[in-house]
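Have a look at the structure below, then the notes.
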Amino acid sequence: MKKRIAVLGSTGSIGTQALEVIAEHPDLFSAEILTANDNADLLVRQAILFQPDAVVIANEMLYRKVAEALKDYPIKVYAGAKALEQIVCQNSIDIVLMALVGYAGLMPTIKAVESNKIIALANKETLVVAGSLVMNLAKQYRSPIIPVDSEHSAIFQCLAGEYAAIDAIYLTASGGPFLNLSTKQLAAVTREDALKHPRWNMGAKITVDSATMMNKGFEVIEAHWLFDVPDNKIKVLVHPQSVIHSMVQFEDGAIKAQLGEPNMKIPIQYALTYPDRTVCNAPKINFSQYPALTFLEPDLNKFRCLKIAYQALRSGGTIPCIMNAANEVAVQAFLNNKIKYQDIYTSISKTIESTNSINNPSLNDYIETDTEARRIAQTIISKLQSS
Ligand code: NDP
């Protein structure tokens, strides 16, 4: 039977690649739901091509535009953030691919979990913000969470068939565009510099997160929740070739790694076919093109966002939620050329210092903390702009 897939964030980098995978395997998958935030034109084109049951445009102002463009097709059109939460509960869906960016992924993921869906999770911010709550709900509702992030997919694949405890996770990192710059040089980097990732072609927010290495910090937190491993056993290893997608070490010292060309179609497809595999239309590795695979420790004094993410994980409660909100606000300000690269870290650390944190938070605590942290982060950024 075909797996019926809701692609949340179908117009983004992960979403469009997921639709390529779905199109390449019409016998295995159908796109049941497609969603976008602002990109109504692409959403409409995707809907005409894939003929889903329904589409959701999160930006309500664009409802008429999408509805008008699809009026001659048997496709339902909804709008708004609440519609995203409702649509994932639909009985006609088997898998929800969470490819929204940022905090916006949290509530639809929770609703999908509570509806016993299989979650193919790309949206790492969900676990950064509320990992404990989401993983507990996933256990309670027996809703499998299958990682899409390439590092976590690698770890997930290394763990297949293993029952032994994990001794260490080696989370590999390309190091981003600024790996070889000095702290002094980092003070002068621009938005355009940050958007030139050496290995991966991704959405703007995650590309900036990769440049600051906050992305790797998020992935440490994501790995902690997905695989139930403490922070001191999750080691980040800079591996500029991005051929080893991550590794797991067991207590006997044996290490398993998952390798391949850096191409997100493989982990996206694996999350959709799991526990099976099928052919994937992505380039296969030619080892002679990689005569040397190299590794180095990340410089936590240079990449302070990675350090702050480890600290946030150790502190727990709502601190990672505050960090995520501050990061989203800071990255947006950086992308809008309102603050400098180094201000991203400064505003995150000041927001964490200035926002009340809560131990053992409820869902409502996370929601309120996110709102409060964004307000504080905006104020801090305004001060940084005028200083
Ligand atoms: P993109 O920015 O390319 O796409 C984001 C998608 O989410 C778009 O469809 C966008 O719609 C939609 N969206 C944005 N904001 C909202 C909102 N407030 N409400 C509803 N929908 C919204 O991001 P990526 O595809 O790069 O990343 C998606 C997620 O996957 C992120 O969490 C990222 O960290 C993670 N990830 C990405 C990887 C990659 O290679 N890109 C690798 C591993 C993980 P619209 O187009 O209309 O703006």
Side-chain angles (χ1 to χ4, degrees), residues 6-21 33-47 55-63 65-66 78-85 87-88 96-109 119-129 146-154 156 171-174 176 195 197 199-210 212 214-219 221-223 226 242 245-246 261-268 270-271 282 324-325 327-328 331-332 335 370 374:
V7 185
L8 267 70
S10 61
T11 50
S13 163
I14 293 287
T16 49
Q17 293 178 83
L19 288 183
E20 284 177 32
V21 168
I33 308 290
L34 302 176
T35 85
N37 191 36
D38 286 319
N39 197 342
D41 293 336
L42 181 55
L43 182 66
V44 166
R45 285 203 301 280
Q46 291 177 338
V55 298
V56 179
I57 182 90
N59 180 346
E60 294 181 34
M61 312 274 278
L62 295 167
Y63 171 76
K65 181 176 181 179
V66 177
Y78 304 102
K82 280 279 165 212
L84 286 175
E85 295 175 26
I87 203 95
V88 293
V96 177
L97 173 66
M98 274 299 164
L100 298 186
V101 62
Y103 177 85
L106 177 65
M107 283 313 297
T109 306
I119 316 291
L121 188 69
N123 177 273
K124 59 190 85 185
E125 293 90 348
T126 287
L127 292 181
V128 172
V129 171
I146 304 171
V148 168
D149 218 346
S150 60
E151 294 78 0
H152 305 77
S153 175
F156 188 71
L171 211 54
T172 53
S174 71
L195 287 174
H197 195 279
R199 293 277 161 201
W200 298 95
N201 186 9
M202 309 178 285
K205 192 243 175 197
I206 185 177
T207 306
V208 175
D209 287 345
S210 299
T212 61
M214 178 57 96
N215 180 52
K216 210 45 61 178
F218 281 179
E219 289 177 4
I221 300 175
E222 190 184 5
L226 282 172
S242 299
H245 298 317
S246 277
E261 280 289 333
N263 187 308
M264 282 309 297
K265 276 174 80 174
I266 299 171
I268 293 169
Y270 184 67
N324 177 72
N327 183 60
E328 284 189 28
V331 170
Q332 198 51 56
L335 284 169
D370 175 76
R374 279 169 201 270

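What you are looking at is a predicted structure, and each value in this text was computed from that prediction instead of being measured. Atoms within a ligand are numbered from 1 in the order they appear, just like the ligands themselves.
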Using a 3.5 Å distance criterion without hydrogens, assess whether the side chain of Glu20 forms a donor-acceptor pair with backbone atoms of Lys265.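 Pair absent, no side-chain N/O of Glu20 close to backbone of Lys265.
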Please round to the nearest 0.5 Å and tell me the distance separating atom OG1 of Thr35 and atom OH of Tyr78. 14.0 Å
Drop me the distance from Leu34's CG to Thr11's OG1, to the nearest 0.5 angstrom.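 Result: 9.5 Å between the selected atoms.
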Taking 4.0 angstrom as the limit, do Lys205 and Glu125 come out as a salt bridge?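 Judged by the 4.0 Å cut-off on N to carboxylate O distance, Lys205 and Glu125 do form a salt bridge.
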Does Lys65 pair with Asp41 as a salt bridge, N-O distance under 4.0 Å?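 Between Asp41 and Lys65 there is a salt bridge, with a charged N closer than 4.0 Å to a carboxylate O.
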For ligand 1, the residues whose heavy atoms come within less than 4.0 Å (ordered by chain, then number): Gly9, Ser10, Thr11, Gly12, Ser13, Ile14, Ala36, Asn37, Asp38, Asn39, Ala58, Leu84, Ala99, Leu100, Val101, Ala104, Ala122, Asn123, Lys124, Glu125, Asp149, Met202, Gly203, Ile206, Met264
Please tell me whether Asn37 and Asn59 have a donor and an acceptor in their side chains that are separated by less than 3.5 angstrom. no
